[in-house]
Amino acid sequence: MKDAYFPQEIEKKWQKIWEEKGVFKTPDTSDKPKYYALSMFPYPSGKLHMGHVRNYTITDVIARFKKMNGYNVLHPMGWDSFGLPAENAAMKHGANPETWTDENIAYMTKQLKMLGLSYDWDREVTTCKPDYYKWTQWLFLQLYKKGLAYKKEAAVNWCEECGTVLANEQVIDGKCWRCDHIVEKKYLSQWFLKITDYAEVLLEDLDKLAGWGENVKTMQANWIGKSEGAIFKFKVVENDLEVPVYTTRPDTVHGITYLVVAPEYKDIEKLTTPENKEAVEAYRANARKMTEIERLSTDRVKTGVPLGTHCINPFTGEKFPLWTADYALAEYGTGAVMAVPAHDTRDFDFAKKYNLPIKVVITPHPQGARELTEAYTEPGVLVNSNEFDGMSNEEAKKAITQKAIDKGFGEFKTQYRLRDWLVSRQRYWGAPIPVVYCDKCGIQPVPEEQLPVLLPKDVDFSVVGKSPITTSKTFVNTTCPCCGGPARRETDTMDTFVCSSWYYLRYSDARNDKMPFAKDKVNKWLPVDQYVGGIEHAILHLLYSRFFTKALRDMGLLDFDEPFKNLLTQGMVLKDGSKMSKSKGNTVDPDEIFENYGADTARLFILSDSPPARDFDWSDAGVEGCYKFLNRVWRLISSNADYINVSPFTLHSSLKKDNDNLLRLVHIAIKGITNDISNDFQFNTVISKYRELVNAIYDWRGKKSELDDEDKAILSFAIITLIKLMSPVAVHLTEEAWHELGGEGSIHDVEWPKWDENLAKASSITLVVQINGKLKDKIEADEALSEDELKALALNSEKIKELTAGKTIVKTIVVPKKLVNIVVK
RNA sequence: GCCCUGGUGGCGGAAUCGGUAGACGCGUCGGACUUAAAAUCCGGUUGGAGUUAAAUCCAGUGCCAGUUCAAGUCUGGCCCAGGGCACCA
């Protein structure tokens, strides 16, 4: 074994050997239990960044640990390769998105291999390849047949910069998720997936996901936004229309003093009197001009205009006016709101501004209502509410809604904020939506046997203002599958998030050319046992994937209802306190780290300083420190190589004291490291335990000049165990050492070390002696001592005697094998 | 406003059950080796008081209370930071 550590040399060597021998291939059949470890697949943007390195290293260590623990592990990788950056790059350089994407995939694949990741590359999936998107299209057709994909005209989010519509989930604070351009509303005919059909079950099943963090679950719950209330219908005085409103406060109906409809409310023109028409039109025109950001700003002063018409409150017979105001939203509930200024802060502000009456109907003081200076939104008792007076408002919610049901003007209603998923995009680089339009037959799905609908190659990427796909001469015109007449193809492609909503299923049967996946294989491998990725997908990808899984289950394509059993959302990689980004110029190129220190150092460092879920602050000194540590490990092994024997270690009946001590430290390390990985993948403490063990072996070795047989056996055991424990992290160094020390096969196929519970603790204990709960003395003691003996030991300590002299011992608490606390006065 | 997560040395962080606060590392200070440097090795490093040096003592895990023989850990009330939702009726 060489004296010095040359990572670049050994890493290349072993990567080649592993690939040739197929060390990381996953058989579909095995008598071992399955384990599916998955990283979120990357967008092939060009180069790996440190976030990727962190993500894939975490999953790789998990996969390797599980494999050594007797699981048949599926650990695949692929490419989320459709999307706008490829198209933008193509437009900029006059190239083709496919070429750009292929080159990036080739480069990033090389980098992944340099990191020493244990992927089964035979299962690689690439979403932009026809053998994959054929099945994306096929799944779209199944959703279409089930009524879960539909086309509808609606107000949608439009990003002018990207030249396409966006899903609600892709609008962040009124801006485009990709380019930060302000999103406009447009009224367009678009394709949607009916995720709202699954709103309730997507919310409910969050409870089943014990292996997900609370943060992600609440984010999804907030996004789904369930609320329970009632719908009441109000008759209009001036004509025979009815205005339905949705409210979560049916208990406050007796306090209605006006009603508000959104400026975009469908019947607004019919609800406006001729005298008010001009003012209402002006108000509506102004509302249309405002951006979403202006409109939704909560600190804006509320405005509105009266429509001139009135409604009757069926509970009281009172007549009240209708207004339009932009604080009512057209898309939520019914687009109309009953206003109860006494008990809603927004209505209160509005009523104050326009001098509308405020009627108190709920009060915390049963003796009667007072003048309000702000809306009272807390619980209370009903007043001014006829037969409901005196009832608690929670009871009243039910009772009042029930009365409306009985009288035929209301119903209970559960409302969700979640909207259907807009999936069509006016871009080229995506999976074509497999439908055609026929003047005679209307929308026609492309027959399954004609899939895939291939992306055309004869397109001009230099066009501005429209999708390049529309420039193809061969793509658009086709024949109708129904009547055989001339028809036009859909030129919109699918949101890339559709492609990524099922890729994890495809890995179970990646080369299947008859189906997206065979049912037995998908049921065997799924759900994913451990999914690892960034928190930025908390809503988008993770919600869509859950929806797909449930929809596919309802179609009978698979038998489970949640795709990801355990989810680890890794923190960001920071440098100098902020996220690494090109614009800030604080990025670190993985290639440089591989070149200067090797992949093992990169892997060790990225796991070392923070637990996986927390943000990780990159430091060059930290990398250096990890490199030094690996050198130290290497020297430990190489300088002792002559004394090490890989054959199993047999324990002598009684060992020399220092040998017994080292043996114990090795068992303690096995136990600690195994537990740290098993509990939430605490790799940072795993690595500190590697260091402790290495320090202990050095200490032990430093005290011996000559080694006898017992010493050699203990040293062999310590070092071989160290190599095994480190093998999931320092994958190349440990493989080289294993080989050099005469180990058979690959270190990555050996069994994970086991600890002996009796040896995984110190031979003696340190008895902690406290007085009134404060540490006063420590005494080395035999583990076998009884409680009384421990107590006597503590009380006989010189120090304790001194400190308790002249005081009364009130009580003595003994914690076996650990501590004695003496309570004195 | 509602919800989630977190708050421990100069820094990253550690601490199954309530039981020695600060493991391990980074940084730093001192020392060994060296002509010198690098590399390596050894030692100190929460704050304050104390001492030639030690011993030793006091305080200390965001703040204020509480439970307990004992609280970073449990309970109640706050404060701060990060994130999600939000004129959603």
Novice: May I have the distance from Tyr332(A) (atom OH) to rC88(B) (atom C1'), rounded to whole angstrom?
Specialist: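 The answer, rounded to whole Å, is 4 Å.
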Novice: So, using side chain to side chain donor-acceptor pair (under 3.5 Å) as the criterion, who are the partners of Gln415(A) when residues are at least two apart?
Specialist: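 Gln415(A) satisfies side chain to side chain donor-acceptor pair (under 3.5 Å) with no residue once adjacent residues are dropped.
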Novice: Report, one pair per line, the protein and nucleotides 53-57 of chain B atoms (nitrogen or oxygen only) whose separation is under 3.5 Å.
Specialist:
none

Novice: Can you tell which of rA86(B), rG25(B), rG19(B) lies closest to the side chain of Leu819(A)?
Specialist: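 Taking heavy atoms from C-beta onward, the closest nucleotide is rG19(B).
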Novice: Of all the choices, rU20(B), rG19(B), rA89(B), which nucleotide is nearest to the side chain of Val768(A) once you look at every atom?
Specialist: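 In terms of side-chain proximity for Val768(A), the closest of rU20(B), rG19(B), rA89(B) is rU20(B).
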Novice: Set out, line by line, the N/O atom pairs under 3.5 Å between protein and nucleotides 73-76 of chain B.
Specialist:
none

Novice: Tell me whether the side-chain N or O atoms of Lys811(A) pair up with the base of rC69(B) as donor and acceptor below 3.5 Å, since no angle test is needed here.
Specialist: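 Checked by distance alone, the answer is no.
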Novice: Near RNA chain B, which residues from residues 612-623 of chain A have a heavy atom under 4.0 Å away?
Specialist: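 Contacts with RNA chain B under 4.0 Å: Arg614(A), Asp615(A), Ala621(A).
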Novice: Atom NZ of Lys817(A) to atom P of rU20(B): distance rounded to whole Å?
Specialist: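 Taking atom P of rU20(B) as the reference, NZ of Lys817(A) is at 17 Å.
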Novice: Taking only residues two or more places apart in sequence or in another chain, which ones pass side chain to side chain donor-acceptor pair (under 3.5 Å) with His541(A)?
Specialist: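 His541(A) satisfies side chain to side chain donor-acceptor pair (under 3.5 Å) with Tyr531(A), Ser545(A) once adjacent residues are dropped.
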Novice: With no hydrogens and no angle check, just 3.5 Å: does a side-chain donor-acceptor pair link Asn640(A) and Arg635(A)?
Specialist: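 Looking only at side-chain atoms, Arg635(A) and Asn640(A) do not form any donor-acceptor pair under 3.5 Å.
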Novice: Going by atom types only, do Ser638(A) and Asp3(A) share a side-chain donor-acceptor pair under 3.5 Å?
Specialist: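 Their side chains do not contain a donor-acceptor pair, so the 3.5 Å distance test is not met.
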Novice: Roughly how many Å is it from OH in Tyr265(A) to P in rA89(B), rounded to a whole number?
Specialist: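 The answer, rounded to whole Å, is 17 Å.
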Novice: When rounded to the nearest Å, what value does the distance between P atoms of rU16(B) and rA21(B) take?
Specialist: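 The same atom, P, in both gives a distance of 15 Å.
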Novice: Whole-Å distance between rG18(B) C1' and Ile813(A) CD1?
Specialist: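 Answer to the nearest Å: 13 Å.
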Novice: For the residue pair Glu169(A) / Trp421(A), report whether a side-chain donor-acceptor contact shorter than 3.5 Å exists.
Specialist: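 Glu169(A) and Trp421(A) do not have a side-chain donor-acceptor pair below 3.5 Å.
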Novice: Without hydrogens or angle criteria, can the side chains of Asn684(A) and Ser608(A) be said to hold a donor-acceptor pair below 3.5 Å?
Specialist: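 No, because no side-chain N or O of Asn684(A) sits under 3.5 Å from a partner of the opposite role on Ser608(A).
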Novice: Side-chain polar contacts of residues 811-822 of chain A - donor-acceptor pairs under 3.5 angstrom, sequence neighbours left out - could you list them?
Specialist:
unit_1	atom_1	unit_2	atom_2	d
Asn821(A)	OD1	Asn772(A)	N	3.4
Asn821(A)	OD1	Gly773(A)	N	2.9

Novice: Can you confirm whether Glu757(A) sits close enough to His667(A) that some side-chain heavy atom of one is under 4.5 Å from a side-chain heavy atom of the other?
Specialist: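 Of all side-chain heavy-atom pairs linking His667(A) with Glu757(A), none is under 4.5 Å.
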Novice: Could you give the distance separating rG13(B) and rA65(B) at their P atoms, to the nearest angstrom?
Specialist: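 The answer is 30 Å between these two P atoms.
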Novice: So that I can compare with my own list, what are the stems of RNA chain B, taken as at least three consecutive Watson-Crick or G-U pairs with distances under 3.5 Å?
Specialist: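 Listed by first number, the stems are B:1-7 with B:79-85, B:10-12 with B:24-26, B:27-32 with B:40-45, B:46-49 with B:56-59, B:62-66 with B:74-78.
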Novice: Would you say the side-chain atoms of Asn168(A) and Asn157(A) include a donor-acceptor pair closer than 3.5 Å?
Specialist: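 Present: a donor and an acceptor within the cut-off.
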Novice: Just how far, in rounded Å, is P of rG25(B) from CD1 of Ile687(A)?
Specialist: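 From Ile687(A) CD1 to rG25(B) P: 13 Å.
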Novice: Which one of Val623(A), Ile687(A), Leu733(A) satisfies the side chain to side chain contact (heavy atoms under 4.5 Å, CB included) criterion with Leu604(A)?
Specialist: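 Among the candidates, only Ile687(A) passes.
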Novice: How would you summarise protein contacts on nucleotides 39-44 of chain B per nucleotide, using B for base, S for sugar-phosphate only and - for none, with heavy-atom distances below 4.0 Å?
Specialist: -SS---
Novice: Tell me the interatomic distance from Tyr327(A), atom OH, to rC88(B), atom P, rounded to whole angstroms.
Specialist: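 Rounded to the whole Å, the gap is 10 Å.
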Novice: Val823(A) has a side chain; which of rG13(B), rG25(B), rC69(B) sits nearest to it?
Specialist: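 The answer is rC69(B), which lies nearest to the side chain.
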Novice: My understanding is that only residues two or more places apart in sequence, or in another chain, count here; which of them pass side chain to side chain contact (heavy atoms under 4.5 Å, CB included) with Asp680(A)?
Specialist: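 Listed in chain order: nothing, the list is empty.
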Novice: Expressed in whole Å, how much space separates the C1' atoms belonging to rC79(B) and rG30(B)?
Specialist: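 The answer is 42 Å between these two C1' atoms.
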Novice: Could you tell me whether the side chain of Asn215(A) has a donor or acceptor atom within less than 3.5 Å of a complementary atom in the base of rC4(B)?
Specialist: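 Check fails, no donor-acceptor contact within cut-off.
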Novice: Cut-off 3.5 Å, side chains only: do Tyr327(A) and Thr303(A) have a donor facing an acceptor?
Specialist: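 Per modelled atom types, Tyr327(A) and Thr303(A) side chains form no pair under 3.5 Å.
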Novice: Please list, chain by chain and in numerical order, all residues satisfying side chain to side chain donor-acceptor pair (under 3.5 Å) with Arg664(A), sequence neighbours excluded.
Specialist: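 Per chain and number, Arg664(A) pairs via side chain to side chain donor-acceptor pair (under 3.5 Å) with Asp660(A).
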Novice: Identify which nucleotide among rU20(B), rG19(B), rA15(B) has an atom closest to any side-chain atom of Lys778(A), counting heavy atoms from C-beta outward.
Specialist: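 Shortest atom-to-atom distance from the side chain points to rU20(B).
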Novice: Can you find a heavy atom in the side chain of Trp223(A) that is under 4.5 Å from one in the side chain of Leu543(A)?
Specialist: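 Result yes, sub-4.5 Å side-chain heavy-atom pair found.
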Novice: Quote, to the nearest angstrom, the C1' distance that separates rA32(B) from rG19(B).
Specialist: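 My reading of the C1' atoms in rA32(B) and rG19(B) gives 40 Å.
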Novice: Do Arg249(A) and Asp344(A) meet the salt-bridge criterion of a basic N to acidic O distance under 4.0 Å?
Specialist: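 A salt bridge is absent here (no side-chain N lies under 4.0 Å from a carboxylate O).
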Novice: Rounded to whole angstrom, note down the P distance from rC63(B) over to rG10(B).
Specialist: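 Looking at atom P only, rC63(B) and rG10(B) are 14 Å apart.
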Novice: Does rC17(B) sit syn or anti, given that only angles within 90° of 0 count as syn?
Specialist: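 rC17(B): syn.
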Novice: Quickly work out the Asn222(A) CG to rC85(B) P distance and round it to whole Å.
Specialist: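 For the pair Asn222(A) CG and rC85(B) P, the rounded distance is 8 Å.
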Novice: Rounded to the nearest Å, what distance is computed from the CG atom of residue Asp347(A) to the P atom of nucleotide rA89(B)?
Specialist: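 Rounded to whole Å, this separation is 12 Å.
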Novice: Measure from the side-chain heavy atoms of Val815(A) and tell me the nearest of rG19(B), rG83(B), rA89(B).
Specialist: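 Side chain of Val815(A) sits closest to rG19(B).
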Novice: Dump the intermediate steps for side-chain contact (heavy atoms from CB on, under 4.5 Å) on Leu795(A) and Lys801(A), then the final yes or no.
Specialist: CA-CA 6 Å; Leu795(A) 291 171; Lys801(A) 275 191 199 162; over 6 Å; no
Novice: Based on the glycosidic angle (syn within 90° of 0, else anti), state the conformation of rG48(B).
Specialist: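 With its glycosidic angle more than 90° from zero, rG48(B) counts as anti.
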Novice: Mind checking the C1' distance from rG47(B) to rG60(B)? Whole angstroms is fine.
Specialist: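 Going atom to atom, C1' in each nucleotide, I get 8 Å.
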Novice: Choose from rA23(B), rC69(B), rA89(B) the nucleotide whose nearest atom is closest to any side-chain atom of Glu692(A).
Specialist: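 The nucleotide sitting nearest to the side chain is rA23(B).
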Novice: By side chain to side chain donor-acceptor pair (under 3.5 Å), which residues pair with Arg419(A), not counting sequence neighbours?
Specialist: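 Partners of Arg419(A) by the side chain to side chain donor-acceptor pair (under 3.5 Å) criterion come out as none, since no residue qualifies.
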Novice: Considering only atom P, compute the distance from rA14(B) to rA86(B) and round it to an integer number of Å.
Specialist: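 One P to the other, the span is 33 Å.
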Novice: Looking at the rings of Phe683(A) and Tyr690(A), which for Trp means the six-membered one, are their centres under 6.0 Å apart?
Specialist: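 No, too far apart.
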Novice: Between rC87(B), rC24(B), rA15(B), which one does the side chain of Arg691(A) approach most closely?
Specialist: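 The nucleotide sitting nearest to the side chain is rC24(B).
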Novice: Just grab all the side chain to side chain donor-acceptor pair (under 3.5 Å) pairs involving residues 210-221 of chain A, residues at least two apart or on different chains.
Specialist: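 Passing the test, one end in residues 210-221 of chain A: Gln220(A)-Arg546(A).
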Novice: Toward the 5' end of RNA chain B, which comes first, Arg346(A) or Asn772(A), by nearest nucleotide?
Specialist: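 First, find each residue's nearest nucleotide; the 5'-ward one identifies Asn772(A).
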Novice: When the P atoms of rG44(B) and rC26(B) are compared, how many Å lie between them, rounded to an integer?
Specialist: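 Taking atom P in both rC26(B) and rG44(B), they lie 15 Å apart.
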Novice: Which residue lies toward the 5' end of RNA chain B, Ser688(A) or Ser227(A), if each is placed at its nearest nucleotide?
Specialist: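 First, find each residue's nearest nucleotide; the 5'-ward one identifies Ser688(A).
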